[in-house]
*Asks:* 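The structure's right below; bear with me while I get my questions together.
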Amino acid sequence: MKRPIRLPLLVAVALLATGSVPVAVAHGRVRTPEPLGDTTTAPVSAENARVGVLVRGGVHYCTASVVHSEGRDLIVTAAHCLTGSGSGGIEFVPGYRDGKAPYGEWAVTRTYVGDGWKRRQDEDSDVAFARVVSRGGEEVEDLVGGNRLVAGPGLSSVGEAVTVVGYPRAWETPVWCANISTAYGDSQQRIECPGYTGGTSGSPWIDARGRVVGVLGGFQQGGATDDVSYSVALGGEVAALYGEASK
């Protein structure tokens with residue numbers, strides 16, 4: 001398992017990413033790994049700088065990424081990465097590589113976890129958001145930019161190519177892989193990419209337009225093997241949670 005330790009109306013959250021770092025054109029295509037299904041070290045890039053590690057007790061244990069918000073201080077990850085014993089004192093380190101924090105370390109100040117996960121650890125609610133403290137008057141999105149989040153009832157990336165960027169706990173560099181996502185039941189999606197071991201929970205699933213359309217987690221907290229990963233379908237519950245976190 002990829003564990004860190006052990007609305008009636010359509011809601012479509014699709015906000016433009018902005019920031020001081022050059023970002024991909026909203027309707028253009030972003031660079032993706034090739035060939036499909038091949039996991040390699042993710043290159044240094046402005047887009048990949050928005051992905052980073054969650055650190056607790058000096059050890060990175062999950063992945064998270066910056067999503068665009070009005071406050072410019074929001075990250076998204078798996079709910080199981082932000083709950084459980086010892087969940088306090090978490091820091092987000094975007095662009096982490098080889099033990100270095102090129103964009104600084106950002107303390108998590110508030111978390112947003114859905115009721116389904118809080119009450120019964122519902123696998124269909126394994127998505128969460130967190131706000132990080134500003135540094136020197138600057139927000140994290142001002143520094144690295146933020147991806148758009150697409151969520152809402154009836155929205156789905158199933159059948160499309162998505163790129164998953166994440167940090168295996170045993171690695172000091174991120175990995176990435178692209179493949180076609182497929183449905184897993186009515187509320188989950190899956191992708192076949194090797195090497196997504198513990199630590200990759202919370203990794204963003206990014207479509208060809210640079211939008212977050214999934215978050216590694218969900219079924220079996222992301223998957224019981226390292227070659228198949230899962231994500232909650234980003235439906236109405238995630239859209240509502242994002243709306244709360246963005247206030």
Side-chain angles (χ1 to χ4, degrees), residues 7-19 23-24 26 47 50-52 54 62-83 87 90 92 94 106 108-119 121-134 139-142 144-158 160 162-166 181 187-189 201-207 209-218 221-222 230-247:
L7 299 156
L9 296 177
L10 173 67
V11 180
V13 181
L15 300 172
L16 288 174
T18 57
V23 299
E47 292 80 18
R50 301 169 196 161
V51 184
L54 293 179
C62 267
T63 302
S65 65
V66 182
V67 289
H68 175 67
S69 67
E70 184 175 347
R72 307 182 68 77
D73 59 354
L74 198 64
I75 61 175
V76 64
T77 187
H80 71 263
C81 291
L82 298 180
T83 54
S87 60
I90 300 173
F92 171 63
W106 301 74
V108 169
T109 183
R110 185 175 178 182
T111 61
Y112 300 83
V113 179
D115 289 340
W117 185 264
K118 287 189 290 188
R119 292 174 180 172
Q121 294 192 341
D122 184 352
E123 292 179 335
D124 291 338
S125 299
D126 194 10
V127 177
F129 298 90
R131 298 175 73 172
V132 297
V133 179
S134 62
E139 304 296 347
V140 67
E141 189 179 341
D142 296 328
V144 299
N147 292 322
R148 291 188 293 170
L149 178 80
V150 177
L155 300 181
S156 174
S157 63
V158 168
E160 300 177 4
V162 297
T163 299
V164 182
V165 184
S181 64
S187 56
Q188 303 262 344
Q189 48 190 333
S201 287
S203 300
W205 295 29
I206 303 171
D207 71 5
R209 297 168 67 186
R211 307 175 302 178
V212 174
V213 295
V215 176
L216 202 154
Q221 295 191 6
Y230 298 86
S231 167
V232 172
L234 304 188
E237 180 182 4
V238 175
L241 189 63
Y242 172 84
E244 177 187 351
S246 299
K247 291 179 181 178

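What you see is a predicted model, and the numbers here were worked out from it, not measured in a lab.
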*Asks:* Compare every heavy atom of A79 with every heavy atom of A128, then report the nearest pair and how far apart it is.
*Replies:* CB-CA, 3.6 Å

*Asks:* Taking the side chain from R50 and the backbone from V144, do they hold a donor-acceptor pair closer than 3.5 Å?
*Replies:*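 A pair under 3.5 Å: yes.
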
*Asks:* I need the single residue from T83, D122, D126 that forms a side-chain hydrogen bond (donor to acceptor under 3.5 Å, both in side chains) with W117. Which is it?
*Replies:* T83

*Asks:* For V232 versus D124, what's the shortest heavy-atom pair and its separation?
*Replies:* CG1-O, 3.3 Å

*Asks:* Looking at side-chain heavy atoms only, is the closest gap between L241 and V127 below 4.5 Å?
*Replies:* no

*Asks:* Using a strict 4.0 Å threshold on nitrogen-to-oxygen distance, state whether R72 and E139 make a salt bridge.
*Replies:* no

*Asks:* Could you tell me if D207 and S157 have a donor-acceptor pair between their side chains, going purely by distance under 3.5 Å?
*Replies:* no

*Asks:* Give the minimum heavy-atom separation between A64 and T77, together with the two atoms involved.
*Replies:* CB-CB, 3.8 Å

*Asks:* Are I75 and W106 packed together at the side-chain level, in the sense that at least one heavy-atom pair is separated by less than 4.5 angstrom?
*Replies:* no

*Asks:* Testing the basics here: between T63 and L54, what is the closest heavy-atom pair and its distance to 0.1 Å?
*Replies:*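 Shortest heavy-atom contact: O-CD1, 4.4 Å.
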
*Asks:* Could you give me the CA-CA distance, side-chain angles and deciding distance for V215 and S203, then say whether side chain to side chain contact (heavy atoms under 4.5 Å, CB included) is met?
*Replies:* CA-CA 6 Å; V215 176; S203 300; over 6 Å; no

*Asks:* Have E160 and S181 got a donor and an acceptor in their side chains that come within less than 3.5 Å?
*Replies:* no

*Asks:* For the residue pair V213 and L234, what are the closest heavy atoms and their distance?
*Replies:*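 For V213 versus L234, the nearest heavy atoms are C-CD1, 3.4 Å.
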
*Asks:* Let me confirm one number: the CD1-CG distance from I90 to L82, rounded to the nearest 0.5 Å.
*Replies:* 5.0 Å

*Asks:* Is it the case that Q121 and H80 place a side-chain donor and acceptor less than 3.5 Å from each other?
*Replies:*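 Result is no, nothing qualifies.
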
*Asks:* If I compare all heavy atoms of V132 with all of V140, which pair ends up nearest, and what's the gap?
*Replies:* CG2-CG1, 3.7 Å

*Asks:* Please answer whether the main-chain N or O of E123 pairs with a side-chain N or O of Q188 as donor and acceptor at a distance below 3.5 Å.
*Replies:*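 Side chain of Q188 to backbone of E123: a pair is present.
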
*Asks:* Between W205 and L216, is there a side-chain heavy-atom distance shorter than 4.5 Å?
*Replies:* yes

*Asks:* D73: which residues meet the salt bridge (charged side-chain N to carboxylate O under 4.0 Å, His left out) condition with it, sequence neighbours left out?
*Replies:*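 D73: salt bridge (charged side-chain N to carboxylate O under 4.0 Å, His left out) contacts with R131.
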
*Asks:* Treating S65 as the side-chain partner and P204 as the backbone partner, does any N or O pair qualify as donor plus acceptor under 3.5 Å?
*Replies:*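 No; zero donor-acceptor contacts below 3.5 Å.
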
*Asks:* If you define the side chain from C-beta out and look only at heavy atoms, does anything of S246 sit under 4.5 Å from L74?
*Replies:* yes

*Asks:* Look only at the side chain of S231 and the backbone of Q189, and say whether a donor-acceptor pair between them is shorter than 3.5 Å.
*Replies:*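 Not a single qualifying donor-acceptor pair exists.
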
*Asks:* Using only atom types and a distance under 3.5 Å, with no angle test, would you say the side chain of E141 pairs donor to acceptor with the backbone of S69?
*Replies:*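 Flag set: sc E141 to bb S69 pair under 3.5 Å.
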
